[in-house]
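Since the structure comes first, as structure tokens, the remarks are kept for the end.
Numbers restart at 1 for each chain; the letters A, B, ... are given by sequence-line order, proteins then strands. Keep in mind that what you see is a predicted model, and the values were worked out from it rather than measured.
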Amino acid sequence: MVTPVRVRFAPSPTGFPHVGNIRTALFNWLYARHYKGKFIVRIEDTDVTRKVEGAIEALLDSLKWLGMDWDEGPEVGGKYAPYFQSQRLDIYREMAERLIVQESAYYCYCSSQRLEEMRAEQIKRKQPPGYDRRCRDLTPEERSAKEKEDITPVVRFKTPLSSQTGFRDLIRGEVVFDNSTLDDFVLLKSDGYPTYHLASVVDDHLMAISHVLRAEEWLSSAPRHRLLYQAFGFEPPQFAHLPMILGADRAKLSKRHGAVSITEYKELGYLPETMVNFLALLGWSLDDRTELISRQELVANFSLERVSQTAAIFNQEKLNWMNGVYIRSLSVEDFAERALPFLDKGLPAEVRRPLAKKYVGEIMPLIQERAKTLAEVIGLSQFFFIEDLDYDTSLLISKGMDREAALKALAKSLASLNKREAFDAESLEGVLRPLAAELGLKTGQLFGTLRVAVTGETAAPPLFQTMAVLGKERCLKRIEAAQNKLAKRG
RNA sequence: GGCGCAUUCGUCUAGCGGUUUAGGACACCUCCCUCUCAAGGAGGAGAUCACCGGUUCGAAUCCGGUAUGCGCUACCA
């Protein structure tokens, strides 16, 4: 029988969910769903000092937002509970003691101050930094002397001094390390919490994890984990180290590259379907041409063989393009519904709330094709909502026109529009097109002047449709206001 | 410094020994459409496959070295 696929996403709640971590979660989730296995979420909250309030909630919210459901973990529990490492401290202590008893690990009494000095000295002498193993072979007498000093020891792993440790990475193939390059790393900290190395190995075994898919930055730690499995006598899972996601300058993606947390992308108005699609393609590909791919297709086609070995740069412009594609693919109703909260939050305070749903519904078809993000909807549609337009008066004078011509165009437009009963796009066009000819203007000139008068912008959705949505009263008022502005300017 | 991983258009990538004059996408440029902006359509430019050797009848594809980049080198994950 083949071992069932059980993969885990094991974030540490030390900050807000980084897109790199979320990508790792996605690959794990896709792997689990593709192979009909289990996706487990485990919270690695073993660093008390770096803990960030609200991080776990943000993380779980992000997973839900992207549609990554988990079979075991926080909120849902599971047969290997608890899924918070801070609630499993007894297990780690017991496991560490087990290694001490069999002499695979030992107590270390060195102070952090001494360790720091040691490291500084090693660096000064251009030696590879690493624990000098002072406590590795303490005699019983030495040990009891240390015990009396009232310092809480840490537990260190007794790394084999010679030979090699290797393993087969599912993405990179055979990887081998000399044990001599590994030092005696800490397993249990003096505060009673385990380090990542101990906790992840113990839990991955106890939780019957079959595949460890994690970021490449863990590759160098893999031999340590391998050694731990050996010392415990556990069957190790399969390992695959995923390529990293970098910023535009090829450095690890960080705050100075802009948005790095998935929650920021949500707030900026990127669609969850965009993020899933985009993140999936950062390090994985289906073939030589597929760019747009749904979650279902991803699940159906995901495999580790098609995961790239090279770090990928996060291409913001491609993300924008893709989000535009997804926005345009939405039904108008869906788009309006998703845009509404952004408008509600982003429109100026003087705009009356609640926003009229019907009016918003008329505006959105004009905006949908032009928005790359939901947040952009605010700026693109603002003129529909505010009362007084603020723009540079000179914009009313289209290219090739002078002030008099613009004034005349506004006056004539006002007059003919005033007479009209019907104010739909079609009849508007029927009035204004002939008017341009009558005025001896190109349509672009007349429409440009009117566009600025009516929207305050030089770039906006098509004039007639815009005017129709705005309504007769508001349009006439704005054209009049434009006239006054221009007249005053003289 | 040590160890590890990687190296195809600016970027994401396809390619897994001959089908390749290296394919697609974003961005960029030109044209078309057009009341502006978008969207859309048609083209274009852009990669001596990091470099040097080797294996082979034949290499972007296999091997070795060099260079460069990245990661790790904590009582952080």
Side-chain angles (χ1 to χ4, degrees), chain A residues 10-15 21 44-47 49-50 108 110-112 115-116 119 122-123 125-131 152-156 169 171-172 175-178 180-183 185-191 193-197 199-200 215-223 241 243-244 246 248 250-252 278 281-292 305-306 308-322 324 328 366-372 380 398 429 432-433 436 442-448 450-452 455 457-464:
Chain A
S12 155
T14 53
N21 289 127
E44 310 227 320
D45 50 353
T46 55
D47 188 344
T49 58
R50 290 204 308 154
C108 169
C110 296
S111 68
S112 40
L115 294 175
E116 252 169 66
R119 246 190 310 272
Q122 286 166 335
I123 290 166
R125 291 159 66 172
K126 301 239 188 249
Q127 288 172 337
Y131 180 56
T152 323
V154 301
V155 174
R156 283 184 186 274
D169 185 278
I171 293 172
R172 289 150 215 284
V175 184
V176 183
F177 295 78
D178 273 328
S180 62
T181 62
L182 273 26
D183 74 345
F185 54 98
V186 173
L187 297 173
L188 210 58
K189 301 184 248 183
S190 53
D191 63 2
Y193 280 74
T195 59
Y196 170 85
H197 305 302
S200 70
E216 193 195 336
E217 49 190 312
W218 293 109
L219 191 56
S220 303
S221 299
H241 290 90
M244 309 245 308
L246 311 175
R250 299 213 144 271
K252 202 165 165 174
F278 184 76
L281 256 29
L282 232 41
W284 178 87
S285 63
L286 174 65
D287 53 30
D288 62 341
R289 55 196 63 245
T290 305
E291 303 287 344
L292 270 10
E305 285 93 79
R306 297 205 61 89
S308 141
Q309 312 184 11
T310 46
I313 291 174
F314 192 94
N315 189 343
Q316 184 76 46
E317 296 194 310
K318 187 160 182 177
L319 208 216
N320 288 341
W321 163 78
M322 192 176 279
R328 276 174 259 128
L366 267 28
I367 302 302
Q368 185 169 11
E369 199 169 83
R370 295 169 173 76
K372 290 266 194 297
L380 289 171
S398 297
E429 182 160 14
L432 295 173
R433 246 180 225 290
K442 286 187 205 155
T443 50
Q445 294 177 306
L446 205 220
F447 299 167
L450 285 176
R451 171 173 296 108
V452 172
T455 69
E457 308 280 344
T458 52
L463 221 214
F464 316 123

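For A:Arg433, taking side-chain heavy atoms from C-beta onward, the closest of the listed nucleotides B:rA74, B:rG15, B:rC35 is B:rC35. The side chain of A:Ser285 approaches B:rU13 more closely than any other nucleotide in the set B:rA77, B:rU13, B:rC35. In the set B:rA39, B:rA77, B:rG23, the nucleotide with an atom closest to the side chain of A:Tyr196 is B:rA77. When distances run from any side-chain atom of A:Ala312 to the nucleotides B:rC75, B:rU13, B:rC35, the shortest one goes to B:rU13. Set against B:rC75, B:rA38, B:rA27, the side chain of A:Glu369 has B:rA38 as its closest nucleotide. The nucleotide whose nearest atom lies closest to any side-chain atom of A:Lys372 is, among B:rC75, B:rA38, B:rC12, B:rA38. Distance from the side chain of A:Thr310 is smallest to B:rU13 among B:rU13, B:rG23, B:rC37. Distances from the side chain of A:Lys189 to the nucleotides B:rC3, B:rC76, B:rC5 place B:rC76 closest. The side chain of A:Thr443 lies closest to B:rC35 when the candidates are B:rA38, B:rA77, B:rC35. Picking from B:rC12, B:rA77, B:rU36 the nucleotide with the shortest atom distance to the side chain of A:Pro462 gives B:rU36.
Taking the six-membered ring for Trp and thresholds of 30 and 60 degrees, A:His197 and A:Phe185 have ring planes more than 60 degrees apart, a perpendicular arrangement.
When both distances must be under 3.5 Å, the Watson-Crick or G-U wobble mate of B:rU66 is B:rA50. Base-pair partner of B:rU61: not found among the strands shown (Watson-Crick or G-U wobble, both distances under 3.5 Å). When both pairing distances are held under 3.5 Å, B:rG1 makes a Watson-Crick or G-U pair with B:rU73. Across all strands shown, nothing is found opposite B:rC37 as a Watson-Crick or G-U wobble partner with both distances under 3.5 Å. Base-pair partner of B:rA42: B:rU30 (Watson-Crick or G-U wobble, both distances under 3.5 Å). B:rU20 is unpaired under the Watson-Crick or G-U wobble criterion, no partner having all donor-acceptor distances under 3.5 Å. Of all nucleotides present, none satisfies the Watson-Crick or G-U wobble test against B:rU56 with each distance under 3.5 Å.
Distance noted for atom P between B:rU7 and B:rU30: 36 Å (whole Å). With both ends at atom P, the span from B:rC63 to B:rU21 equals 24 Å, rounded to whole Å. Taking atom P in both B:rU11 and B:rC70, the straight-line distance is 14 Å, to the nearest Å. With P as the reference atom, B:rA27 and B:rA39 are 8 Å apart, rounded to whole Å. A distance of about 16 Å separates the C1' atoms of B:rC28 and B:rC12, rounded to the whole Å. One P atom belongs to B:rA77, the other to B:rA60, and the distance between them is 46 Å to the nearest Å. When the P atom is used for both B:rU61 and B:rG4, the distance is 23 Å, rounded to whole Å. Annotation: B:rA25 and B:rG46 have their C1' atoms spaced 14 Å apart (nearest Å).
If you check distances only, the side chain of A:Ser190 does reach the base of B:rC75 with a donor-acceptor pair under 3.5 Å. Residue A:Glu291 places a side-chain atom within donor-acceptor reach of the base of B:rG24, judged by atom type and a 3.5 Å distance cut-off alone.
Separating the CD1 atom of A:Ile171 from the P atom of B:rC5 is a distance of 14 Å, rounded to the nearest angstrom. Atoms CE (A:Met322) and C1' (B:rU13) sit 12 Å apart, rounded to a whole Å. Atom CD of A:Glu317 is separated from atom P of B:rC26 by 12 Å (rounded to the nearest Å). Spacing between atom CZ of A:Arg306 and atom P of B:rC16 amounts to 10 Å, rounded to whole angstrom units. Atom CD1 in A:Ile367 sits about 16 Å away from atom P in B:rC37, given to the nearest Å. In this structure, the CG atom of A:Asp183 is 12 Å from the C1' atom of B:rC75, given to the nearest Å. Rounded to a whole Å, the NZ atom of A:Lys318 is 7 Å from the P atom of B:rC26. Atom CZ in A:Phe447 sits roughly 16 Å away from atom C1' in B:rC37 (whole-Å rounding).
At least one donor-acceptor pair under 3.5 Å links the side chain of A:Asp183 to the backbone N or O of A:Tyr131. Remark: side-chain polar atoms of A:Arg250 are not paired, donor with acceptor, to backbone N or O of A:Leu246 under 3.5 angstrom. With hydrogens and angles ignored, the 3.5 Å screen pairs a side-chain donor or acceptor of A:Arg306 with a backbone N or O of A:Ser285.
Closest approach of A:Leu450 and A:Leu463 over heavy atoms only: CB-CD1, 4.0 Å. Closest approach of A:Glu291 to A:Lys318, counting heavy atoms only: OE1-NZ, 3.0 Å.
With sequence neighbours left out, the side-chain hydrogen bond (donor to acceptor under 3.5 Å, both in side chains) criterion links A:Arg328 to no other residue. Scored by the side-chain hydrogen bond (donor to acceptor under 3.5 Å, both in side chains) test, A:Arg433 finds A:Glu429 as partners (sequence neighbours excluded).
Residue A:Arg156 has a polar side-chain atom (N or O) positioned under 4.0 Å from OP1 or OP2 of B:rC75. Contact check, A:Arg328 against B:rG40: a side-chain N or O comes under 4.0 Å of OP1 or OP2. Note on A:Arg119: a side-chain N or O is less than 4.0 Å away from OP1 or OP2 of B:rC75.
The environment of NZ in A:Lys189 is crowded: more than 12 heavy-atom neighbours from other residues, nucleotides or ligands sit within 6.0 Å.
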Polar pairs (N or O, both sides) under 3.5 Å between protein and nucleotides 64-71 of chain B?
unit_1 : atom_1 : unit_2   : atom_2 : d
B:rG71 : N2     : A:Ser220 : OG     : 3.1

For this session: List the steps, then state whether side chain to side chain contact (heavy atoms under 4.5 Å, CB included) holds for A:Val452 with A:Thr458.
Result: CA-CA 6 Å; A:Val452 172; A:Thr458 52; 4.1 Å; yes

Exercise. Checking side-chain hydrogen bond (donor to acceptor under 3.5 Å, both in side chains) for the pair A:Thr181/A:Asp178: CA distance, chi angles, key distance, verdict?
Worked result: CA-CA 6 Å; A:Thr181 62; A:Asp178 273 328; over 6 Å; no

For this session: Starting from the C-alpha separation in whole Å, work towards a yes-or-no answer on side chain to side chain contact (heavy atoms under 4.5 Å, CB included) for A:Ile171 and A:His241.
Result: CA-CA 7 Å; A:Ile171 293 172; A:His241 290 90; over 6 Å; no

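When each of A:Ile313 and A:Gly444 is assigned the nucleotide of RNA chain B with its nearest heavy atom, A:Ile313 is the one assigned upstream, toward the 5' end. If A:Leu319 and A:Ser112 are placed on RNA chain B by their nearest nucleotide, the residue sitting closer to the 5' end is A:Leu319.
Heavy atoms of A:Pro13 sit nowhere under 4.0 angstrom from any nucleic acid atom. Across all strands shown, A:Phe464 has heavy atoms under 4.0 Å from base atoms, whether or not it also approaches the sugar-phosphate. Contacts of A:Gly283 with the nucleic acid, taken as non-hydrogen atoms under 4.0 Å apart, involve only primed sugar atoms and P, OP1 or OP2. Residue A:Val186 is in sugar-phosphate contact alone, with no base atom involved, counting any heavy-atom pair closer than 4.0 Å across all strands shown.
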